[in-house]
Visitor: 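Quick one: the structure is below, questions incoming.
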Number of protein chains: 2
Amino acid sequence: MTTDTFSSKYTGEKAANNANGVDKQQKSGKIREKSIEHILSAAQHEFVINGFKGTTIQAIADRAGLPKANIHYYFKNKDNLIHAVLENILDLWDEVLGDISVDDDPKEVLAHFIRTKVRMSFTHPGPSKLFAMEIIQGAQHLKDYARTYLRKWVREKAKVFELWIEQGKMSKVDPVHLIFLIWSSTQHYADFETQILTIMNRGEYEEEDVEHISEFLCTIIIRGCGIEYP
Amino acid sequence: MTTDTFSSKYTGEKAANNANGVDKQQKSGKIREKSIEHILSAAQHEFVINGFKGTTIQAIADRAGLPKANIHYYFKNKDNLIHAVLENILDLWDEVLGDISVDDDPKEVLAHFIRTKVRMSFTHPGPSKLFAMEIIQGAQHLKDYARTYLRKWVREKAKVFELWIEQGKMSKVDPVHLIFLIWSSTQHYADFETQILTIMNRGEYEEEDVEHISEFLCTIIIRGCGIEYP
DNA sequence: CGCGAGACTGACCAATTGGTCAGGCTGATG
DNA sequence: CATCAGCCTGACCAATTGGTCAGTCTCGCG
């Protein structure tokens with residue numbers, strides 16, 4: 001897990017010191033790790049439900065089953081905490097959505113991308129939601145590097161799409177907006193989970209929904225790009 | 001404007017009394033209306049930026065240029081205030097997205113729907129954002145009737161799509177998810193305004209963007225439905 | 001066994017919050 | 001001009017907030 005990264009980056013000074021003495025107190029180290037994990041998970045939960053300002057440290061502490069001061073012991077303050085949570089999310093996505101190359105088959109790449117993203121929306125709606133809320137509110141807590149990083153990421157992918165278009169592998173559509181389309185239509189199932197479940201008259205998503213929705217989006221979007229599907 | 005509806009519904013008792021004496025104090029009435037409008041607009045702004053819990057009455061008051069107690073004078077409490085704001089939004093959408101019938105041409109209807117929705121995202125990103133945040137957070141403040149109303153709305157539209165499919169006017173795609181797709185892909189431009197402007201390296205949306213994006217989405221989605229476009 | 005480093009936390013604080021209310025102010029009425 | 005209904009608000013309150021810190025507790029080491 002990448003949790004270590006965050007603890008060393010966002011954790012208070014005292015806690016950072018401990019990083020040097022891991023071997024000394026291995027058992028404590030384990031508990032420490034578990035605690036940090038619990039806190040990050042609890043924080044994510046609360047931030048999603050109540051927003052940044054609306055979330056109280058006490059609520060996070062309660063959900064994590066720890067005293068409030070403990071949260072401040074691991075994370076200097078609320079800002080550090082949400083930074084850690086958000087970075088956790090970006091790492092997760094980066095890990096899942098691998099690289100693409102001009103030599104790949106557009107149909108395969110698009111389908112894989114859509115499928116993966118849909119599945120993420122179903123299995124990890126929380127991070128998706130929190131990320132969306134951050135962006136909606138003006139990305140106040142996404143550090144600059146995360147923002148510029150996103151731009152780079154989109155440009156990279158768009159470049160590949162452009163080459164495919166030049167090679168006649170797909171019809172002429174705006175690559176940047178194609179990425180937005182895929183992003184939004186898949187993310188929607190995480191962000192609007194509540195509304196969608198209400199409309200579909202369900203209690204929660206089922207495995208078959210993932211299949212069905214993936215297939216639906218693949219059909220429309222890939223065909224929309226002038227590629228035969230399936 | 002539908003503002004009156006809200007004032008009578010959500011406003012405190014004292015204020016409601018005034019409804020009887022409008023003729024007596026017409027000038028006051030005008031000021032009253034203006035104030036309510038200012039408050040609703042300010043509230044929407046603040047709720048978007050800081051979320052429900054994160055928004056303080058004081059902040060709304062400051063933005064509206066009124067004393068805090070005045071807000072409580074017009075709206076009994078924070079809950080009433082956000083209810084009023086949200087209803088304002090739903091009304092706006094309902095007004096814009098008219099009815100459709102089986103006899104209409106699918107291509108026309110889809111194109112009109114997409115174009116209108118995109119334009120809304122550009123001209124009224126605030127309401128879109130607030131609505132999205134509400135849903136993400138579990139629609140805590142959207143009253144039941146709003147939720148069930150949405151379901152009814154979607155079912156109605158889906159029914160028409162189904163008939164079109166039966167008549168062979170479009171290919172067999174899931175109508176409900178088609179609505180989700182249109183909704184998400186268009187709303188995305190409001191909700192993720194910040195991110196998108198960063199990626200497109202712009203300060204704000206331009207009129208030509210509306211055209212370009214509408215055209216892009218129409219092409220992909222309508223073609224994706226097996227209808228020739230344009 | 002006694003020591004000390006470092007992991008932890010109860011109790012506290014200044015600041016801010018949503019909400020209240022007594023009383024000031026205004027403008028139409030007689 | 002005096003009156004008064006009722007629109008408005010300054011000043012206040014109890015509750016909650018993020019954050020601090022002086023300690024207490026734990027556990028490996030010598």
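Every chain is numbered from 1 and lettered A, B, ... according to where its sequence line falls, protein lines coming before strand lines.
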Visitor: Respond yes when some side-chain nitrogen or oxygen of A:Asn70 is under 4.0 Å from OP1 or OP2 of C:dT9, and no when none is.
Guide: yes
Visitor: Once each nucleotide of nucleotides 11-19 of chain D is scored for protein heavy atoms under 4.0 Å, what B/S/- sequence comes out, 5' to 3'?
Guide: ------SBB
Visitor: Please report the shortest heavy-atom distance between A:Thr198 and B:Arg151, naming the atom on each side.
Guide: O-NH1, 2.8 Å
Visitor: Heavy-atom count around A:Arg63 CZ within 6.0 Å, excluding the residue itself: above 12?
Guide: yes
Visitor: At under 4.0 Å, does any side-chain N or O of B:Tyr73 touch on OP1 or OP2 of D:dT9?
Guide: no
Visitor: Check each of B:Trp183, B:Trp153, B:Tyr149 against B:Trp93 using the ring pair (Phe, Tyr, Trp, His ring centres under 6.0 Å) test, and report the only one that passes.
Guide: B:Trp183
Visitor: Any salt bridge between A:Arg202 and A:Glu193, counting N to O under 4.0 Å?
Guide: no
Visitor: Does a salt bridge link A:Asp62 with A:Lys68, judged by any charged N lying under 4.0 Å from a carboxylate O?
Guide: no
